[in-house]
Structures are given as structure tokens and as C-alpha cells.
A.B. asks: 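Before I ask anything, let me first share the structure, which is written out below as C-alpha cells.
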There are 2 protein chains.
Amino acid sequence: MRREFKKKSRILLIDDNYEHLAGIRELLNLEGTFDVVGIATNVSMGVNLVKKYQPDVVLLDMNMPDRDGLQGIVDITKLELGTKILALSGYDDADLIFRAMKIGAKGYVLKTMASAQLIYAIEEVLNGKIYLPNALTSRFFEYFQKSFQEENSRQENAMDEENLLNELTQREEEVLELLTQGITYKGVANKLFISETTVKTHVNNIFQKLQVNDRTQAVLYAINNGFLTKRVKIAV
Amino acid sequence: MRREFKKKSRILLIDDNYEHLAGIRELLNLEGTFDVVGIATNVSMGVNLVKKYQPDVVLLDMNMPDRDGLQGIVDITKLELGTKILALSGYDDADLIFRAMKIGAKGYVLKTMASAQLIYAIEEVLNGKIYLPNALTSRFFEYFQKSFQEENSRQENAMDEENLLNELTQREEEVLELLTQGITYKGVANKLFISETTVKTHVNNIFQKLQVNDRTQAVLYAINNGFLTKRVKIAV
DNA sequence: ATAGATATAGACCATCTGGTCAATAAAATT
DNA sequence: AATTTTATTGACCAGATGGTCTATATCTAT
């Protein structure tokens, strides 16, 4: 029915479960439009095969010993061969999905899903799209929003009225900013064209206001309380 | 056909384009399962209406003056009424989609999409799900992965062999860690049960290895080069 | 077994840091 | 006009910090 004038897409499989590996190979071969150019049961071997055969898509199992699945995504991406990675997993672990997508997987499908969906996912990914089943998209965003909640509240906190940094005068902020670059009294004095004594006075006032005892603590306070993010305004 | 024994979902609309506002209201009213409890042409009014009528879902236009759309999401979320927010937009600006989802929108639909899809989106969101059309999901992930690329490379850099932190011995790392808490020589000596002189020796070695001149710079180096993220292992 | 790396510690010294008190001038606020 | 805040500087001092040199005692790897 279908002739080979349209070149097949080259697929590589990495999964520590050989049964599953063989199963998928059968499935893809039956489909006819795919060419399974290699299979591997561990990541390092798989990465080598990717280097050798330069497949279009890699199906990469996420549920392997250690965090090898994620590492695989990183390693393959680092080769910069434009290889699309489709993550495969036995269950919908939100954290895994999030990390996999974050570091560059083009899609994520569950092993429990119908084979037609796997085929579809591969095709979408081949076409340069991202493919995530609706269920996983939901899982992803739940996790995504949750993981940003703390960052959001931290950020709100950073521009809170409780922030001791707001007590600082403009000049004191300038001095503190220089302190956060690890500059000495003399250095600050030179940069601001004021005497070293003046710098000391400012610094002492800063310590008072931030309720710390030394420059290191002041710098840490500044960093942890959004000294930088504060002035960049609402980053949402 | 359909009787009112099943209570209608309460919807509120916020859009600075009145025509569009009226259009959606008609559409939703025709549908029969929705009850448009309020409409507003700007965010502050809208937020007040949310407070008053406590709708189940807010359809919120993203393309309003300033960054009012995003601000609306933040404001409504802050009310903590469990209101689901469905973002509406005229075009698929990846940055907008990303920010909207990040701060808590439950979905994002384009005004150009078929009305059936809007209805579907509302229903999904009502059911506690996240709804993003496939096209927008792709846009989102492109942006998502791009925005993490720099963070990834920074992180790779953090566990790079070039990282001077790797030159430190275990003991020196311990000392540095205490320094990053703004602790004095004497304090470190007490914590580690060694003499103050020894601490000084370690600190001096640390300075040498990190090529800095004082503790503040050492602490900054540690923070900027993933001193913390490094030991948390691959955070991917 | 021997060389190298690591952890420990003392002595000495110059400089930096932080604390305190006092004082002047300009700017902002009341 | 009077008061408060801010920015500036000096003097003095104790203690912390950083640089250098030396010297053990382990431990590790060749």
C-alpha cells in the first residue's frame, strides 16, 4: 500500500525493561512509517547510539535507576544534534513531568496509554511540536503553579512594607549595593567621591536598620530580601 | 428541554472591549447552563464585583492597558475565594501565556477560537482542571524551555569542572558554608571545635583557591556559583 | 617507604572593620 | 520659622580580618 518514497523517521528506544523495549519496536515497525534504528537498556549506551545513529526521535524511559532518565535528556540535548526526546513513563509523577519538560523533552507519554496515542505523540514531536496528553498537562500545571506559589509569595514579601531594606535612604542603598560587590570602605569612598569616614557612618546606619552586625550579614540580607529584584519591579 | 434543577455556574466577565463583553454574555446566556453575574470593563471594578458576587469563574481579558490583565489575576487570587480564572486573549503571546499560567490562571483561550471551545474551556475549568488549547500548550512550552535554558546552563556551569569551588577540600567547604551565614572566625572555631588560627588558615586557603581577597567576595562567589545548589545534587 | 595532600596550630603584623561620640551643612517636612 | 532627616566628616579605639611563615600529625597514593 504505502511505498518507501517517503523516508521513514528514525527512532531510538531507551528503556531498562527489555520486554517493553521489544514491544514498542514491534509496534513501531508494524506502523511502517518508523524505523527503529537502535535500542538500549541503559542511558549511557543509549547516548552512544544517539551519537552514532543520529535518530530523529528518542523514546526515553523516565523510570530508570537513579535519575538516569532525566540525565539522559540532559546528555542527549548536550549533543546538540536536534534530537527530539519523547519521555516515557509508567505513571504521571508531576515532579518528573515538570523536570523532564523543563530540561527539554518535547513530549511526555504514559506507557499505559493506547498505542495510537504514542504514534500520534511521535508524529507531533517529529513535526516540531510539543506533545502532552491533556491529563498530563493538568498535572504539569498543578505542579507548575504550586512551585511558583512560594516564589510569588517570596517576591511579594520582597516588596513588603516589612522589608527592612525599605528603611534605607537612597545613599545607604548605594553603599549597600557596593558592599554586595565585596568592595572595601576605601573602594566605596572612591566610587562615591566621599570620605572613608562617611562610608563608615553609612555602613553603621545600614547595620542598625537591617539589624545585623557585619557586612557579610548585610549582604546576605540584601540578597535574600530581594535587594535586586525589588528595583526590577513587578516581575510576575 | 433542560430544567433548572441543576444550578447554573456563575460567571463574571472582565474585558475593556464592551462589544466583546456583550457578545460573550449573549453566548453564555444562550448556552443556558451559565449565569453571567457581572461584567466589568476594567480590572479594579472587576475585582470589586468578584468580591461582591463570588463567581465560580472569571473570564479575564489579558490585552488591557498596562499589565492590568496579569494584575487582575494576582488581585483576584489574593482574595482567596477559590475563583477560577480563565484568561482571554486576542493573540498567542507566549510571554503573556507563561506569566498568566505562572501566577495562577486555570486556563487560557484565544478570542479567535470557536465559541464551542470557550464553553468547553469554561466547563473544564469549572471541573477543577487546567485548560490550554494544544496550540497554546506548544507556545507555552517553547517559551518555558527557552526561559529555562539559561538557568540550565548556569546550573551546568555550577557543576562544571571550571568551578573553583571544586578545588576546596571538604573542611574548607564546611568553613565556607559557615562564612556564608555571616559567622565570625571565633564562631566558626567554636562550631567546628578547632582553634581560631586553624579557621584563619582554612579561610586563607579558600581565598587563594577562589581568587578573592575577603570573606564577602568569597560568600558572593559561593552563592553565584551554586555552592548550595551543587550539594543538593542535580536539581535539573 | 616516601612524597603529597590535608587538617591542625602558633606567632607576628598591617590593615580593615565596627562602635561610639561629636559636629556641620543642606534638604525636607511640619 | 523651627524641626527632622539626610549626607557629610573627624577622632579614637578595640577587636576582627587577612597575609605570611613555620611546624606538626594524619592520611593517601605512588
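Residue numbers begin at 1 in each chain, while the letters A, B, ... track the order of the sequences. No hydrogens, no waters, no symmetry mates; every other heavy atom, side chains included, goes into these values.
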A.B. asks: Could I get the full list of ring-ring contact (aromatic ring centres under 6.0 Å, His included) partners for Phe98(A), not counting sequence neighbours?
C.D. replies: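 Result, ring-ring contact (aromatic ring centres under 6.0 Å, His included) vs Phe98(A): Phe140(A), Tyr143(A), Phe144(B).
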A.B. asks: Any chance you could measure Arg25(B), atom CZ, to Leu59(B), atom CG, to the nearest 0.5 Å?
C.D. replies: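 Taking CZ in Arg25(B) and CG in Leu59(B), the distance rounds to 13.0 Å.
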A.B. asks: Would you compute the distance between atom CG of Leu179(A) and atom CG of Asp214(A) and round it to the nearest 0.5 angstrom?
C.D. replies: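 One gets 10.5 Å once the value is rounded to the nearest 0.5 Å.
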A.B. asks: Tell me if a side-chain donor or acceptor on Gln217(A) pairs with a main-chain N or O of Gly182(B) at a distance below 3.5 Å.
C.D. replies: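 Between the backbone of Gly182(B) and the side chain of Gln217(A) there is a qualifying donor-acceptor contact (under 3.5 Å).
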A.B. asks: In this structure, how many angstroms lie between the P atom of dA7(C) and the CZ atom of Arg171(B), rounded?
C.D. replies: 8 Å
A.B. asks: Can you check the Gln217(A) CD to dT17(C) P distance for me, whole Å?
C.D. replies: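 Rounded to the whole Å, the gap is 15 Å.
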A.B. asks: Could you check how far CD of Glu167(B) sits from C1' of dA5(C), rounded to whole Å?
C.D. replies: 13 Å
A.B. asks: Contact list please: residues 191-212 of chain B against DNA chain D, heavy atoms, distance less than 4.0 Å, in numerical order.
C.D. replies: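 Those residues are Lys200(B), Asn204(B), Phe207(B).
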A.B. asks: What's the CZ-C1' distance between Arg215(A) and dC16(C), to the nearest Å?
C.D. replies: 8 Å
A.B. asks: Starting at CZ of Arg171(A), measure out to OG1 of Thr198(A) and round the result to the nearest 0.5 Å.
C.D. replies: 9.0 Å
A.B. asks: Check the pair Lys111(B) / Asp61(B) against salt bridge (charged side-chain N to carboxylate O under 4.0 Å, His left out), numbers first and verdict last.
C.D. replies: CA-CA 9 Å; Lys111(B) 292 181 179 178; Asp61(B) 182 29; 3.2 Å; yes
A.B. asks: Out of curiosity, Ile73(A) CD1 to Thr83(A) OG1, how far, rounded to the nearest 0.5 Å?
C.D. replies: 12.5 Å
A.B. asks: If you fit an axis to the five pairs at each end of the helix from dA1(C)-dT30(D) to dT30(C)-dA1(D), how big is the angle between those two axes, to 10 degrees?
C.D. replies: 50°
A.B. asks: Within the side chain of Gln145(A), is there an N or O that forms a donor-acceptor pair under 3.5 Å with the backbone of Ile103(B)?
C.D. replies: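 Checking the backbone N and O of Ile103(B) against the side chain of Gln145(A), no donor-acceptor pair under 3.5 Å is found.
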A.B. asks: Quick one: Asn190(A) CG to dT8(D) C1', roughly how many Å, whole number?
C.D. replies: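 Spelled out: CG on Asn190(A) to C1' on dT8(D) is 16 Å.
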A.B. asks: I need the Ile97(B) CD1 to Tyr91(B) OH distance, nearest 0.5 Å.
C.D. replies: 11.0 Å
A.B. asks: Could you tell me the separation between the CD atom of Glu173(A) and the C1' atom of dA7(D), rounded to a whole number of Å?
C.D. replies: 15 Å
A.B. asks: Using whole Å, report how far OH of Tyr185(B) lies from C1' of dG15(D).
C.D. replies: 13 Å
A.B. asks: Check the distance between dG18(C)'s C1' and Lys186(A)'s NZ and give it to me in whole angstrom.
C.D. replies: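 Whole-Å distance recorded here is 16 Å.
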A.B. asks: If you pin Thr169(B) and Thr184(A) to their nearest nucleotides in DNA chain C, which one's is more 5'?
C.D. replies: Thr169(B)
